[in-house]
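Read the structure below first, then the notes.
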Amino acid sequence: MRMTAAKRLTYKTRRLLPGDEFEVVKPIHARILAKRKKAVASINRNPGKIGPPPAKLVAKAAAQIGAPDGSEDFTKLRADAEALGIVVDGRWGLKRLHDEIDAKLSA
């Protein structure tokens, strides 16, 4: 029987912390641990598979953070910034590129 430790305990020379799962050898051990509130019976959970997010949601998030999505606008802006002598960081989005170019042109 699978159990989950509710408190710190040692079972069969194994030190367990709250949340650790372990296998109980005899049913009497499970009853004693449950009675003393040291452990609870584990629920057999099988995590499900989560699919990728919808493409529409990904595109919306990319537009909000200004992430490069291969658009011509981003590559053109990056090339313009590099032509002005700005060292472009790969993590910069569209907004940061616009800000850096504006700062360089106004200086």
Side-chain angles (χ1 to χ4, degrees):
M1 173 180 208
R2 300 266 325 144
M3 295 197 81
T4 303
K7 299 179 181 178
R8 289 179 142 198
L9 69 106
T10 302
Y11 183 74
K12 294 286 186 181
T13 70
R14 196 170 149 208
R15 293 181 183 181
L16 302 165
L17 296 174
D20 289 346
E21 286 196 1
F22 60 100
E23 190 73 32
V24 178
V25 179
K26 297 181 182 178
I28 188 75
H29 295 171
R31 285 196 302 267
I32 291 170
L33 290 169
K35 182 79 171 177
R36 293 184 178 176
K37 297 183 180 175
K38 295 272 188 171
V40 294
S42 292
I43 300 170
N44 292 333
R45 289 187 269 163
N46 293 328
K49 301 270 183 189
I50 298 176
K56 187 176 180 181
L57 181 65
V58 172
K60 183 178 178 184
Q64 286 178 348
I65 61 171
D69 58 351
S71 65
E72 218 173 291
D73 183 41
F74 182 81
T75 54
K76 181 183 177 302
L77 210 58
R78 187 176 182 146
D80 292 344
E82 288 173 349
L84 289 171
I86 300 170
V87 179
V88 178
D89 190 343
R91 298 172 291 183
W92 289 358
L94 292 173
K95 184 179 180 330
R96 177 73 186 264
L97 281 170
H98 281 293
D99 293 345
E100 293 290 329
I101 289 171
D102 291 342
K104 186 72 171 186
L105 291 175
S106 65

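- Every residue meeting the side-chain contact (heavy atoms from CB on, under 4.5 Å) condition with I28, not counting sequence neighbours, appears here in chain and number order: K26, R31, I32.
- Under the side-chain contact (heavy atoms from CB on, under 4.5 Å) criterion, D102 pairs with no residue at all, not counting sequence neighbours.
- P18 approaches A6 most closely through the heavy-atom pair CB-O, 3.7 Å.
- Take D20 and apply the salt bridge (Lys or Arg N to Asp or Glu O under 4.0 Å) test, not counting sequence neighbours, and it matches no residue.
- Of all the heavy atoms in S42 and T4, the pair that sits closest is OG-OG1, 2.7 Å.
- Residues meeting the salt bridge (Lys or Arg N to Asp or Glu O under 4.0 Å) test with R91, sequence neighbours left out: D89.
- Looking at residues two or more places apart in sequence or on another chain, you find a side-chain contact (heavy atoms from CB on, under 4.5 Å) between A81 and I86, V88, L97, I101.
- Annotation: ring-ring contact (aromatic ring centres under 6.0 Å, His included) contacts of Y11 (sequence neighbours excluded): F22, H29.
- Between V40 and M3 the shortest side-chain heavy-atom distance does not fall below 4.5 Å.
- For the atom pair K104 NZ and D99 CG, the distance stands at 15.0 Å (nearest 0.5 Å).
- By the side-chain contact (heavy atoms from CB on, under 4.5 Å) test, P54 pairs with L57, sequence neighbours left out.
- Under the 4.5 Å side-chain heavy-atom criterion for Ile, Leu, Val, Met, Phe, Trp and Tyr, L105 and L94 are members of the same hydrophobic cluster.
- The line from NZ of K38 to OG1 of T10 is 8.5 Å long, rounded to the nearest 0.5 Å.
- Of all the heavy atoms in R2 and E23, the pair that sits closest is CD-OE1, 3.0 Å.
- R8 contributes atom CZ, which lies 11.0 Å from atom CG of L16 (distance to the nearest 0.5 angstrom).
- Residues that satisfy the side chain to side chain donor-acceptor pair (under 3.5 Å) test with R96, not counting sequence neighbours, are E100.
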